[in-house]
Structure formats: C-alpha cells, structure tokens
Amino acid sequence: MEREDTLAGLDPEQREVAEAVRGPVCVLAGAGTGKTRAITHRVAHAVATGVVDAQSVLAVTFTTRAAGELKQRLRSLGVHGVQARTFHAAALRQLTYFWPRVIGGDPPRVIESKLPLLIEAARELRRGSDRGELRDVAAELEWAKVTQIAPEDYPALAAKAGRTPPIPPEEVARLYEAYENLRRARHLLDFETILELTAAVMTEHDEVASQIRRQYRYFVVDEYQDVNPLQKLLLDTWLGGRDDVCVVGDPNQTIYSFSGATPRYLTNFAVEHPSAVVIKLVRDYRSTPQVVGLANGVLAKARTPHRLELVAQRPDGPKPVFAECDDEAAEAALVARRVKELVAGGVPAREIAVLFRVNAQSEAYEQALAQAGVPYLLRGAERFFERPEVRQAVVLLRGAARSAGGDEPLAQVVHDILSGIGLTPEAPGGGTARERWESLKALADLAEDVAAEGGDLRRFVDELERRATEQHAPPVEGVTLASLHAAKGLEWDAVFLVGLTDGMLPIVYAETPDQIEEERRLLYVGVTRARVHLHLSWALARSPGGRKARRPSRFLDGLTGLTPGAGRPAVSMGPRAAGRSRVPAPMHCRVCAKTLTAAAEQKLGRCATCPADFDQELLERLKAWRTSVAKEAKLPSYVVFTDVTLQAMAERVPTTEEDLLAIAGIGRVKLERYGEAVLEICRGGEAT
C-alpha cells in the first residue's frame with residue numbers, strides 16, 4: 001500500500017495518530033471516535049514508510065474478538081504478519097515456546113477456572129465449599145494475584161484497599177495459600193500465573209529476553225485504561241527500557257477497577273514518558289448529537305481530571321427519552337411496548353438492547369418481551385429460570401407444594417425455603433453471592449405479590465412454571481438483554497437503560513467517592529452504546545401499589561429538557577436542596593424494603609411484622625450475659641442493652657466493631673464498655 005493510502009479518509013486527529021509512527025504515543029480516545037481505525041492506520045503507515053517490519057509489531061488487546069478485528073482491518077490495508085493477541089495469549093505462546101529450553105519438561109496445563117482447585121482446597125481446610133461463595137473467593141484471588149499480593153499479605157492489603165471479601169480475610173488468605181500449593185503440585189497455570197511466569201522467565205534468562213525483544217520492538221496496547229499491575233509488569237518487561245509503544249484508552253470508560261484495573265497508567269503516561277506525544281480523539285462518529293450531549297452531561301460533574309468531551313459528527317436524531325414509572329412491572333411493560341414500536345418502525349431487533357446494572361433485573365424484561373412477542377437473547381448471563389439457584393429453588397418449592405397443608409402463609413413458606421439456600425435478610429456486598437441473592441430475592445418478592453392476590457404455594461409454583469415456559473424465547477436473533485458491564489465495547493441503534501434509581505445506579509454497596517465515580521462511568525458507558533435511540537427509565541416502587549419511595553439516579557440530576565415518556569412526565573432533577581446532606585438517610589426494612597419509622601424497627605433493621613431469622617441460642621446467651629453485667633453493676637438490664645438491641649444482635653451476628661456500630665442505638669460509649677464481650681459471645685466464645 002502506498003504511503004498516502006494509509007492516511008486516506010482520516011480526520012485531522014486520526015491522521016496525527018497515524019503519522020506519529022515513533023513512540024511513546026498516548027491516544028486518549030472517546031467512545032465512538034474511531035480509535036481502531038486510527039491505530040491500524042498508524043501501524044500500516046509505519047510499515048509502509050519502512051519504520052518497522054510487520055513481523056516486529058505486537059498489538060495487545062483485551063479480547064480475542066478485538067484482536068481478530070484489528071488483524072482483519074490490517075489485512076484490508078495490505079499489512080500481513082502483525083501479531084495481534086490478548087495479553088494472556090501472547091504470554092502463553094512465549095512461555096510454551098521457551099519452557100523446554102529454560103525449565104525442561106512439558107509446559108504446565110492451563111486451567112480455565114479456579115473453582116475446582118478452590119473446592120479441593122476448602123475440603124483440605126475442612127471448611128464449607130459453597131460454590132457461589134468460592135466463586136467470589138476466586139475473584140478475590142484474581143485481584144490479589146494481578147496486584148501482586150502474596151497470601152500472607154492479603155488480609156492487611158485487602159483492608160487497606162477497601163475490599164469486602166465474601167468470607168473473613170484470614171480465611172481467604174488460607175484458601176489462597178492452599179490453592180497455590182495445589183496448583184504448583186499439579187503443574188497447573190492460571191491466567192495470572194501465565195503473565196507472572198513469562199515476566200519472570202524473561203527477567204531471569206537474558207537470552208530469552210533478548211530473543212523476544214529482537215522479535216518484537218513495536219508495541220500497541222488497546223484499552224489501556226483497563227491494564228492491571230501484572231499486565232503492566234509484563235509490558236515493561238517486553239519493552240526492556242525501550243519506549244516504542246503506543247497506548248490507547250478512555251479514562252471515562254474505566255469500569256473494572258474492582259478486578260485490579262487502574263486508569264493511572266493511561267492518565268500518567270506522559271509523566272512516565274516525558275517525551276510522549278499525547279493525542280485526543282473526541283469526534284464521535286457513532287452517536288447522534290442528542291445522545292452525545294447526554295453522555296457529556298452525565299460526566300459534567302465527574303471528578304476525573306482527564307474527562308474527554310465528545311463532539312458529535314452525525315446528523316440530528318430523536319431526543320433521548322426519560323420515563324418515570326409507578327413500579328417495575330410498569331417499567332418493563334413500557335420498555336417492551338417501545339421496543340415493539342421500534343421493531344414495527346423498521347429497527348431490527350438485533351439492533352436494540354436493554355441494559356441493566358445487575359443480572360437479576362433481567363427477569364422482568366424477559367417476561368415483558370416474551371408477552372409482547374418480541375424475541376430476545378441474553379448476553380453475559382443465563383436466562384433467569386436457568387440460573388442454578390433459581391432451578392434449585394423451583395425444585396424445592398415444587399416438592400413443598402406437593403406436601404403443603406395450605407394453612408401456612410405463602411410468603412413465609414417461600415422465605416423459609418429460600419433462606420435455606422442462601423436468601424439472607426441483608427444483601428451480600430457484591431459479586432456472585434450478590435447476583436445469587438438478587439435472584440432469590442426476586443422469587444421472594446414474586447411470592448409476596450402472589451400472596452397479596454390470595455394465592456397459595458401451589459398457585460405460586462404454577463406461576464413460576466408458566467413464566468419459565470413463556471420466557472423460553474426461540475433461538476433466533478432478537479433484542480439483547482445485558483448488564484452494563486457486559487455491554488462495554490458493543491453498540492446498537494437503540495438502547496434502553498432501565499432501573500436507573502439511587503441504590504441500583506449507583507449500586508447500594510458503592511460507598512467511597514471512587515466507587516461512586518465508577519458507577520457514574522458505568523452509566524456513561526451505557527449511554528454511549530446508543531447510536532440513535534436512547535430511552536432511560538426508572539420505577540418509583542418495586543411492586544404495583546407499593547410505596548413510591550425511590551428516586552431517580554443522582555447521575556441524572558440537572559439533565560432537564562429531555563422529552564418525557566408516554567407514561568408519567570419526566571421529573572425535575574435539579575440540584576439537591578441545600579443542607580440535605582445533614583438529614584439522616586431514611587432506613588429501609590432489609591426484608592421488604594419499606595421505610596422504617598419506629599425506633600424499635602430501625603434498631604432491628606426490619607418491620608416488626610417481617611420474618612426474622614436469628615440464632616435463638618445466641619439470643620439466650622446474650623440475655624444471660626446482660627443479666628450478669630446488670631446485676632454486677634446494680635443497673636436495670638435495659639440500661640445495658642434493650643431486648644430489641646439484643647434481638648438485633650442475634651439477627652445480624654456482628655463480628656467486628658463496625659458491625660456493632662451499624663446497629664441503631666449502639667454508640668462509641670457502649671462499644672467501649674461492652675463491645676469486646678458482645679463480639680466474643682457472637683463469635684461463639686465466652687465473655688469475661
């Protein structure tokens with residue numbers, strides 16, 4: 001290909017990228033700005049001008065799909081021989097090639113999942129091996145390994161990083177160490193060890209490093225905002241002090257920090273490489289000016305110092321639609337109706353997506369689309385009724401229905417059954433356990449709805465089976481249902497962003513400023529998936545007739561002037577009233593989510609009429625301890641702790657001082673006076 005052909009059709013900024021054929025180069029590329037076009041033309045231009053041979057280029061991507069697209073585009077530009085691979089694929093190829101020479105014998109076998117080894121490690125340690133819990137432990141191990149944290153350092157560094165592991169940090173550390181011992185003994189590699197060993201082999205064997213660096217001397221790294229410390233270590237080892245590297249990324253799309261990814265390598269690139277050329281791509285060719293304007297508005301209050309403000313290049317399109325609905329069922333029905341209208345208007349179903357924050361939200365939209373006769377497919381999640389926890393629950397409920405006497409309240413029976421397989425009064429912090437809990441909670445909520453209509457357990461099981469049958473969509477192209485995380489890197493003509501309430505986006509367990517900002521970027525990613533049509537919606541209550549206590553996501557504050565939905569008008573979302581931060585946040589029942597007003601209910605964290613799940617033996621031990629303490633101090637028992645406070649302790653089983661302080665009515669004075677004794681009792685010991 002001629003030199004000018006490699007620059008044809010590029011806008012001024014893309015051309016600047018293509019002509020910057022020598023590193024270091026940093027490309028800050030906003031959503032839809034043609035970053036892949038820019039970097040492939042840069043490689044083609046470098047090859048065409050004799051700067052580098054195609055065989056000396058290593059382009060690193062984060063997905064196999066992205067690597068394939070990059071190679072295909074290079075081939076269309078007449079460039080062959082460039083290696084485009086993921087970090088893991090490139091490292092494994094090198095490690096496998098050099099293993100017999102520097103280590104000897106056959107290379108280790110790569111495992112796809114940590115779960116089987118973790119289950120075995122749990123058995124060795126004689127602890128429970130709940131698969132959902134161990135999946136979350138696997139995620140903690142991945143974070144620890146990519147951030148180069150050893151098992152013995154995990155508890156302290158996890159606490160410093162604000163991690164919320166599914167089990168005590170010390171137990172995670174023990175499982176981590178046992179897992180690593182098993183992996184080494186079985187001659188196995190996980191994905192993190194592939195990167196670690198490749199860097200180690202290059203560091204310890206100069207001849208290996210020299211050969212790899214002779215082969216690859218021209219690097220391109222895509223999605224650089226998602227690089228983790230272990231990947232950065234390997235990249236630096238590949239470079240070996242050289243700086244012929246071009247990195248591409250968007251700090252506004254950093255949404256994987258929970259797994260160890262960090263945007264600081266992208267945002268600090270010019271600090272690390274003072275001679276770097278930094279180029280911004282902000283011309284958005286994907287979305288209409290209306291969608292781009294909303295995307296910029298979402299980030300207008302973001303705290304990031306590297307915000308890219310997009311400039312739309314497409315013709316005008318329809319305004320984004322805000323729709324406020326009375327309840328979740330009404331929201332799902334509205335979305336299904338709008339989807340059907342778009343399909344009837346000529347938008348292919350495969351060009352429409354419904355995006356939500358957590359997978360458990362999919363069930364309502366699966367049902368609504370099925371009832372509307374609209375085909376759909378799930379991306380990055382099982383169908384609701386095919387999820388293991390849902391299938392297990394349905395089997396148990398079906399068995400209970402066959403032997404039911406019919407005199408027990410439906411909601412209580414269902415709650416008791418679901419509690420036995422993981423439904424707890426309070427939701428876990430996140431991860432697989434949170435998704436499993438959300439699924440079970442959705443079943444419990446549905447049981448309450450059926451009970452409110454006078455149904456019994458048999459009717460509830462019939463309802464579940466009917467829904468499962470109706471929601472089995474045929475295996476054809478259809479509307480995509482996906483989480484916001486699973487949607488990254490994709491785009492559709494029409495996008496529906498649903499469930500946009502505080503507590504869902506930002507998610508309730510996002511507490512720190514950094515976590516809140518990542519949730520804002522997640523909404524930005526969702527908005528920028530849309531090319532033309534964008535619909536944003538939320539529900540004020542969970543169930544029909546329920547209390548309308550929810551409020552729209554804080555990230556929508558100030559985004560006024562948008563066309564209301566056909567249901568209710570869009571609400572005013574101006575700045576929060578001055579001084580609102582001083583008003584205590586309302587407390588909600590952890591079982592039914594109703595607002596708690598009575599002091600006793602606030603202390604328990606639930607309505608007095610909602611079912612309680614607590615350790616009766618623990619409650620008796622707490623009461624006996626309180627009697628002893630009160631007698632010794634010559635005080636009435638209630639002065640030490642009231643019955644309600646002890647009940648709350650028995651329900652929540654606090655294990656840390658923070659857990660105790662979370663119970664209404666326990667302050668620093670009582671914590672200092674009685675905290676150590678109470679925690680010892682809750683841990684199963686004897687208080688002094």
Side-chain angles (χ1 to χ4, degrees), residues 113-185 190-193 195-196 228-233 256-262 264 424 426-434 436-437 509-515 518 649 652-663 668 671-672 675-685:
S113 169
K114 293 179 174 62
L115 194 57
L117 279 186
L118 270 175
I119 291 173
E120 191 170 344
R123 288 174 183 157
E124 283 190 1
L125 296 175
R126 297 185 178 181
R127 72 172 313 280
S129 57
D130 177 80
R131 296 178 73 89
E133 185 177 78
L134 290 180
R135 285 193 186 96
D136 290 340
V137 172
E140 285 302 297
L141 265 58
E142 288 166 7
W143 171 79
K145 288 168 75 80
V146 301
T147 50
Q148 297 287 273
I149 294 173
E152 61 272 18
D153 297 327
Y154 172 84
L157 295 180
K160 184 177 180 181
R163 305 290 291 185
T164 54
I167 59 178
E170 293 74 19
E171 289 191 40
V172 174
R174 291 176 64 216
L175 279 170
Y176 184 3
E177 184 175 16
Y179 165 86
E180 285 291 274
N181 290 338
L182 282 171
R183 184 189 60 75
R184 294 189 190 100
D190 56 25
F191 289 124
E192 296 78 31
T193 310
L195 307 187
E196 192 174 33
N228 62 48
L230 185 53
Q231 291 165 334
K232 180 63 162 59
L233 170 67
Y256 294 111
S257 64
F258 60 86
S259 63
T262 172
R264 71 173 181 270
T424 55
E426 294 184 353
T432 306
R434 175 76 186 205
R436 177 183 175 89
W437 185 91
Y509 50 81
E511 298 174 346
T512 68
D514 287 343
Q515 290 170 339
E518 183 143 330
M649 293 177 189
R652 303 191 189 190
V653 193
T655 57
T656 66
E657 291 185 354
E658 289 75 16
D659 293 342
L660 271 178
L661 288 172
I663 298 175
R668 288 288 174 185
L671 178 68
E672 183 177 346
E676 185 177 348
V678 168
L679 291 175
E680 185 62 30
I681 294 172
C682 290
R683 292 171 186 145

Is Leu679 close to Leu660 at the side-chain level, that is, under 4.5 Å between some pair of heavy atoms? yes
For a quick test of reading the model, state the closest non-hydrogen atom pair linking Tyr154 to Pro165 and the distance between them. OH-CB, 3.4 Å
To check you understand the geometry: which heavy-atom pair defines the closest contact between Ala121 and Ala178, and what is its length? CB-CB, 3.8 Å
Got a second to check how far Leu175's CG is from Glu124's CD, nearest 0.5 Å? 10.5 Å
Tell me every residue that passes side chain to side chain donor-acceptor pair (under 3.5 Å) with Asp659, counting only those two or more places apart in sequence or in another chain. Thr655, Thr656
Any donor-acceptor pair under 3.5 Å linking the side chain of Glu518 with the backbone of Gln515? no
Please check if the number of heavy atoms outside Glu657 that lie under 6.0 Å from its CD is greater than 12. no
Distance in Å, Leu182 CG paired with Glu177 CD, rounded so as to fall on 0.5 Å steps: 11.0 Å
Taken to the nearest 0.5 Å, the spacing of Leu117 CG from Asn181 CG works out to 11.0 Å
Distance (rounded to the nearest 0.5 Å) between Leu115 CG and Tyr179 OH: 10.5 Å
Atom CZ in Arg183, atom CG in Leu141: separation rounded to 0.5 Å? 10.5 Å
With a 3.5 Å cut-off and sequence neighbours excluded, list the donor-acceptor pairs that the side chains of residues 145-153 form with protein atoms.
from: Lys145; atom 1: NZ; to: Glu180; atom 2: OE1; distance (Å): 3.3
from: Lys145; atom 1: NZ; to: Glu180; atom 2: OE2; distance (Å): 3.0
from: Lys145; atom 1: NZ; to: Asp190; atom 2: OD2; distance (Å): 3.3
from: Lys145; atom 1: NZ; to: Thr193; atom 2: OG1; distance (Å): 3.3
from: Thr147; atom 1: OG1; to: Trp143; atom 2: O; distance (Å): 2.6
from: Thr147; atom 1: OG1; to: Ala144; atom 2: O; distance (Å): 3.2
from: Gln148; atom 1: NE2; to: Lys145; atom 2: O; distance (Å): 3.0
from: Gln148; atom 1: NE2; to: Glu196; atom 2: OE2; distance (Å): 3.4

Result of checking Arg174, Glu140, Arg127 against Ile167 for side chain to side chain contact (heavy atoms under 4.5 Å, CB included): Arg127
Which pair of heavy atoms, one from Ala122 and one from Leu134, lies closest together, and at what distance? CB-CD1, 4.3 Å
Could you pull out the closest heavy-atom pair between Leu230 and Glu192, with the gap in Å? CD2-O, 3.3 Å
Can you name the nearest heavy-atom pair linking Pro166 to Asp136, along with the distance? CG-CB, 3.5 Å
Result for salt bridge (Lys or Arg N to Asp or Glu O under 4.0 Å) between Glu142 and one of Arg163, Arg135, Lys114 points to Lys114
